[in-house]
Structure formats: structure tokens, C-alpha cells
Amino acid sequence: MRITGKTRVAALFGYPVEHTLSPVMQNAAFDHLGLDCCYLPFSVPPDSLKQAVESIRALHLLGANLTIPHKEAVIPFLDVLDKEAAAIGAVNTIVNSEGQLTGYNTDGKGFMRSLDENLISPAGKQVLIIGAGGSSRAISHYLGREAGSLCIYNRNRDKAKTLAAYLSSQGGTVRVIDSLRDLAGFDIIINATALGLMTADPLPVDIDLLTSSQVVCDLIYHKTQLCIRAEAKGCKTLGGTGMLLWQGALAFELWTGSLPPVEIMRSALLSHSG
């Protein structure tokens, strides 16, 4: 990569960001297309988010991605919300257009493309999402309309109820469950929490409650203990690498106006993932 006085920067704001593979794929894409741009991660504590967003204007950045825990909290600091991001209530991509910051959400579309690539269809299925944060909001925006039924579990039940009410207003069949003691009725189980990001994290579900006929998805993109142990039970599993790829490709297009070199990005991710 060659940095010049004209190089434009796209950023990632998260806390933590040390695990991220987004720079690997985004910089591979910039290099492949010969764009004078680079992608850098920044560790941004929650109380510094406003200043980080203001820096997008001050430093003339292309824009930024948002990851845990900033996807919902960033909204008040933006000038414009894309219609879909507004409906979802979470932002994972900011585009800087001459100082105007517009928030988008590419997570939901990215997840659905990953499902499709792996021949997993939620149509008519009983789906459980664990978590009610920004990633959960993005994927449930689509799953609430496609699944046969959708259940949400979150330790903060009020947050789950708020999400379920929104999804129901969009025509989905959604309910909140109070525990994870009975998983047998679900065809697809999705971990949309941060559990598994750190190796010492507890599992989001009791593996003994899974059956081999279920699909288990984890939005975390390294191979988590949830996926490893679910595979050992005979479950079909899907990690978060595909979602990471596709949401990143969509963000790349928003920043640059260029078609993303998806296979270059995929190759870069796979060569660096564990």
C-alpha cells in the first residue's frame, strides 16, 4: 500500500477493535482497484464516540464503519439517516459527502446474502435470535418478514420487547421468549450477541439442548466455541465471515461508488481468518 498526501481514509470505530479483519479485506479491495484510499481501525470508548464522529468531517474521511457497541448510539451524531437504517434503528456505515454524514446499514443485507450463499433459507422456518442490539435489529429487519416465525431472546427483556414491537408493526410474526431452556422447536438459532468474541466467554446457549437437525449461526466471524460444539452435535453451522464480507462489500460501494471486488475481499478474509 502506498500512502500519499491525497490518500483518503475510511475508518472503523468500535470498542474493542483489536480482533477485526475489516482492514484486511477493505485494503485489499482498494489496492486491487488502484484507489488511493486506506482503511484503519480505531478503538473508540463509548464516551468518545461523538468526538470520533466529528473527526470524520474534520479529517475529511471517506466515512466509517461502526461495530460493537456503537451501532445504535451513533445515530444522534449524524446529519441524515438512510431510510433502511432509520427503520432498523442502527447504523454500521457512515458516508461523508462534503461534510454531510449519512448513516446506512449494510448488516442485514450482508447476512441474508451469506445465508443464500450457504443454501440456508429462513422461509417458513422457526428462527430464534439471541440478542437485541444493533446486529440483531439489522438481521431481524429481514428475517421478521421471511421466517415462518421469529423469536427474540435478550437478557434485557424490555429491549427485546421494543424490537419485537417494531418487527410486528412491519408485518412479521414475532414474540419474545423469557429463557433459553427449550430450543427444540427452532430450525435456525442465531447468536447476535458479543458472547464468543473473547475465548473466556460463556456459551450463549446450552449445547446439550441442540439437536442435529438445527442450523446454528454466529455473527462473530472467528470460529467460536458455539459453532465448534454445535458441529460436534451434528448441526449445520454458519459463522459470521460471510456477513462480514458482504456488509463490507456494500459499504465499500457506498464510499467509493465502485463495484466491490468481492472475490478479492473474500480471499483476503479467508487467508487471515483462523
Side-chain angles (χ1 to χ4, degrees), residues 1-14 17-42 56 59-68 70-71 82-85 88 90-98 100-121 134-135 138-139 141-142 217-223 237-274:
M1 177 183 297
R2 179 172 173 264
I3 304 296
T4 76
K6 296 180 180 179
T7 300
R8 297 290 305 278
V9 175
L12 171 67
F13 298 156
V17 293
E18 289 80 7
H19 63 286
T20 183
L21 292 180
S22 289
V24 170
M25 68 171 176
Q26 297 291 5
N27 287 320
F30 289 141
D31 284 349
H32 180 75
L33 295 184
L35 299 177
D36 191 3
C37 304
C38 70
Y39 185 100
L40 297 173
F42 295 92
I56 297 173
L59 300 177
H60 193 45
L61 305 186
L62 278 173
N65 280 144
L66 288 305
T67 188
I68 293 171
H70 300 319
K71 293 182 181 183
D82 170 72
K83 182 178 179 181
E84 185 167 296
I88 292 169
V91 166
N92 80 319
T93 302
I94 300 170
V95 174
N96 179 14
S97 300
E98 298 182 353
Q100 178 174 278
L101 304 184
T102 302
Y104 296 86
N105 195 303
T106 65
D107 279 335
K109 288 179 181 176
F111 180 72
M112 298 306 288
R113 290 199 186 186
S114 179
L115 287 183
D116 186 59
E117 276 195 323
N118 287 274
L119 305 179
I120 299 171
S121 172
S135 294
I139 67 173
H141 179 74
Y142 291 91
C217 303
D218 200 325
L219 302 192
I220 295 170
Y221 49 81
H222 65 248
K223 190 94 168 185
T237 64
L238 178 66
T241 302
M243 177 179 172
L244 176 69
L245 168 67
W246 284 107
Q247 65 77 29
L250 293 166
F252 181 94
E253 187 169 359
L254 288 169
W255 290 324
T256 67
S258 300
L259 288 177
V262 174
E263 294 311 314
I264 296 296
M265 299 172 81
R266 189 195 307 274
S267 177
L269 275 179
L270 293 178
S271 67
H272 286 78
S273 62

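Computed from a prediction, not measured in an experiment: that's the story for all the values here.
Counting heavy atoms from C-beta outward, Leu259 and Glu253 have side chains that approach closer than 4.5 Å. Residues Thr67 and Thr20 form no side-chain contact, since every pair of their non-hydrogen atoms from C-beta on lies 4.5 Å or further apart. Two residues are said to be in side-chain contact when any heavy atoms from C-beta on lie closer than 4.5 Å; Leu245 and Tyr221 fail this criterion. Looking at Trp246 and Val262, their side chains come closer than 4.5 Å, going by heavy atoms from C-beta outward. Side-chain contact between Lys109 and Gln247 is absent, with no heavy atoms from C-beta onward closer than 4.5 Å. Under the 4.5 Å side-chain criterion, counting only non-hydrogen atoms from C-beta, Leu269 is in contact with Leu244. A heavy-atom distance below 4.5 Å is found between the side chains of Phe252 and Leu33. Side-chain contact between His141 and Glu84: present, with at least one pair of heavy atoms (C-beta onward) separated by less than 4.5 Å.
Scanning all heavy atoms of the two residues, the minimum distance from Ala29 to Met265 falls at CB-CG, 3.7 Å. In terms of heavy atoms, Ile56 sits closest to Ala64 at CD1-CB, 3.9 Å. Contact detail for Gly103 and Val91: the closest heavy-atom pair is CA-CG1, 3.8 Å. Shortest non-hydrogen contact noted between Leu250 and Gly110 is CD1-N, 4.2 Å. In plain terms, the two heavy atoms of Asn96 and Leu61 that are nearest each other are ND2-O, 2.9 Å. Ala268 and Val24 make their closest contact through O-CG1, 3.3 Å (heavy atoms, listed as atom of the first residue, atom of the second, distance).
Atom OG1 in Thr237 sits 5.0 Å away from atom NZ in Lys223 (nearest 0.5 Å). Atom NZ of Lys6 sits about 8.5 Å away from atom CG of Asp36, to the nearest 0.5 Å. Atom CD1 of Ile120 is separated from atom CG of Leu238 by 4.5 Å, given to the nearest 0.5 angstrom. Taking CG of Asp107 as the reference point, atom CD1 of Ile88 lies at 8.0 Å (rounded to 0.5 Å). Here the CE atom belonging to Met112 is positioned 8.0 Å from the OG atom belonging to Ser121, to the nearest 0.5 angstrom. Summarising the geometry, atom CG belonging to Leu40 is positioned 10.0 Å from atom CG belonging to Leu12; distances are rounded to the nearest 0.5 Å.
Relative ring orientation between Phe42 and Phe13 is described as perpendicular, the plane-to-plane angle rising above 60° on a 0-90° scale split at 30° and 60°.
If you check the side chains of Asn92 and Thr106, you find a donor sitting under 3.5 Å from an acceptor. In this model, no donor atom of one side chain and acceptor atom of the other lie less than 3.5 Å apart for Gln26 and Trp255.
Residue His19 qualifies as enclosed at atom NE2: its count of foreign heavy atoms under 6.0 Å is above 12.
In this structure a side-chain-to-backbone donor-acceptor pair under 3.5 Å is present from Arg8 to His60.
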